[in-house]
2 protein chains.
Amino acid sequence: VRPRFYLPNLDREAARGRLDEHEARHLSRVLRLGPGADIEVLDGVGGLFHARVTTVWRDGVDVALIAPVTPAAEPRVQVGLVMSVLKGDSMDAVVRDAAMMGVATVQPVISARSETTIAALQRGHRARRWSRVAVSSVKQCGRATVPRIFPPVTLEAWLGSRATARRLALVEPSSARGHSFSAIDRSPVVDLLVGPEGGWTPAELARLDRADVPLVTLGPRTLRAEAAPTIALAALFEAWNAW
Amino acid sequence: VRPRFYLPNLDREAARGRLDEHEARHLSRVLRLGPGADIEVLDGVGGLFHARVTTVWRDGVDVALIAPVTPAAEPRVQVGLVMSVLKGDSMDAVVRDAAMMGVATVQPVISARSETTIAALQRGHRARRWSRVAVSSVKQCGRATVPRIFPPVTLEAWLGSRATARRLALVEPSSARGHSFSAIDRSPVVDLLVGPEGGWTPAELARLDRADVPLVTLGPRTLRAEAAPTIALAALFEAWNAW
C-alpha cells in the first residue's frame, strides 16, 4: 500500500503539485521518504493519483503524477451530517467516522445541551482541527473526496436558513415519535441532524416539529452520542441502498 | 434518572438481593449513596427493578426491590457477534458498543491477523474485563440483558464447532464477493463474524467459502476495524427491521 497525501492544489494539466508544510513534514520526517518515493495523492474533490516524490524542500514537497487511481466510490446519496457539537475529543471521533462513512459535508451546530459556544470553538481553532481529522480519515478509507466542514452555527440559525437538502432529525428512543429510515422516501440529497449527549430539549423538539423536520429513531436502546451519527448513517445507507 | 447496578443473584421471590463488592464500592464510594437511596438493579437476564438500599456492608450492599421497571426492548433478531480480537482498548470499545446495540453474545476469536493469542488473553484476564465493559454499557443503554462473553477460541475452532445460528461473515470491500444484508434472508438467530485490522487472509476467505458462510459487505469504503461491527449491526437491524 502506498502512503497517501492530501494535495488540494494539484495541477492536473501539468501533472504535478506541491505538498503543504504539514503533509511534507509527515512524508519526510515521520515516514522518512525522499526523492523517488512512490506515493498516492488525493485532491479532495474526487481525484486520486499514483505519484512520485521529485524534490523535498524545507517547507514543501514536489511530486509528479504518474497515473490516476480509482478511489472508493462515493455513496449514492449525498449526506450532510448536521451535528450538535460534542465535548472534547468526541467531536473529533464523530468527524473521523462521518468522513469514513462517506458524508459530503459536516455542519457543526450548537444546541441547548451542547456544552460549548461558537466563540469557544473559534478560539480553539476547532474547525481547522476537524478538517485535518477528516483528511486523515479520507486517506485511510480510500475516498478521494474530503467532506467540507462548515463553520459552526446555532441550531436556530441552521433551522432558519434555506434548506438545500431534505432534512431529517435523529431523536432519542424515548421521544417515541420517530420513524425508521426505511419508512422515509429516499432523497438524493439529505441533511441528517443528530443531537448532543442528553438529546434534544422539549423546546427543540417542538421547534423541529414547527420546522416540519421528520424525526427518525434507531430502536429502543439509548445510543452513545458519539456513536449515534455513525449508526444512523449505516441505517440510512442500508435502508436506501445507498452505500 | 436513578443510578443502575448489576445484581445477577437477585432473589425475585424475596424481592431482595446483595450487590457484589465491585458494585457496592461504586454505590458507596463513587456515588456516595447509603441506606434509603433509590436505585435500579438489573439481573442481566431481562429483569430491571426500582430498588432501595437497605444496608451497606463492608463488601456488599443489600437492596430491597420496590417494583419492576420496563427495560429497553431487545432486538427482534438474536445476534451473536463473533469478533476477531483487536489489540488493546479497541476490543473493549467493540464489546461496549456491541452490548449497546443489543447483541446476545460475544465470541472472541483469534484469526491470522489478530495480534494476540488465547494464552495472552487469559493471562490478562481480558474476558473478565470485557464482561465488566458489557455490564457498564448495558446499564447506560437501558437494556436489562447482559450479553454473555464466551472464552476466546481460534477461528478454526469456531468454524469447526456445530453451528447453533445462521452464520454470516463481514468482508472488506476489496473482496468484492460480498452481498448486502438486504439481499440475505432474515434469520431469527444469527452469528455475525467480523475480521481484525487488515481483514481476512486469502486462506481464511477460502476457509469461509468451504464452510459455506455467506459473505456480507458494507459498501466500497474501508471501515476502521473497531467501528465495523457496530456499523454492521446497524445495517443488519435496518435491513431486517430488527431494531
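Order of the sequence lines sets the chain letters (A, B, ...), proteins ahead of strands, with each chain counted from 1.
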Counting only heavy atoms from other residues, nucleotides and ligands, does the tally under 6.0 Å from CZ of A:Arg207 exceed 12?
yes
More than 12 foreign heavy atoms under 6.0 Å from CD of B:Gln78: is that the case here?
no
Restricting to non-hydrogen atoms, name the atom on B:Ala72 and the atom on A:Pro220 that form the minimum distance, rounded to 0.1 Å.
CB-O, 3.5 Å
Around B:Arg129, counting heavy atoms of other residues, nucleotides and ligands shown, do more than 12 lie under 6.0 Å from its CZ?
no
Who among B:Ala242, B:Pro71, B:Gly219 has the most heavy-atom pairs with chain A under 4.5 Å?
B:Gly219
Relative to chain B, which segment of A:Leu233 carries a heavy atom at a distance below 4.5 Å: side chain, backbone, both, or neither?
neither
For residues B:Thr230 and A:Ile231, determine if any side-chain heavy atom of one lies less than 4.5 Å from a side-chain heavy atom of the other.
yes
NE2/A:His179: more than 12 non-hydrogen atoms of other groups inside 6.0 Å:
no
For A:Asp185, is the CG atom crowded, meaning more than 12 foreign heavy atoms sit under 6.0 Å from it?
no
Between SG on residue B:Cys141 and CG on residue A:Leu223, distance to nearest 0.5 Å
8.5 Å
Which atoms of A:Ala227 come close to chain B, meaning under 4.5 Å heavy atom to heavy atom: side chain ones, backbone ones, both, or neither?
side chain
Are the side chains of B:Glu238 and A:Leu236 in contact, using a 4.5 Å heavy-atom criterion?
no
Flag the pair B:Met100 / A:Arg221 as yes when at least one side-chain heavy-atom distance between them is below 4.5 Å, and no otherwise.
no
So does A:Glu197 have more than 12 non-hydrogen atoms from other groups sitting under 6.0 Å from CD?
no
Counting heavy-atom pairs closer than 4.5 Å to chain A, which one of B:Ala234, B:Gly142, B:Ser137 comes out on top?
B:Ala234
I'd like to know whether CZ of B:Arg148 has more than 12 heavy-atom contacts from other residues, nucleotides or ligands below 6.0 angstrom.
no
Less than 3.5 Å apart, any donor N or O on the side chain of A:Gln140 or B:Thr222 sitting next to an acceptor on the other?
no
Under the side chain to side chain donor-acceptor pair (under 3.5 Å) test, which residues partner B:Trp240, sequence neighbours left out?
none
Proximity breakdown for A:Arg143 and chain B, heavy-atom pairs closer than 4.5 Å
side chain
Pick one of side chain, backbone, both or neither for A:Pro75, based on which atoms fall under 4.5 Å of a heavy atom in chain B.
both
Taking atom OG of A:Ser180 and atom CZ of B:Phe237, what is their separation to the nearest 0.5 Å?
14.0 Å
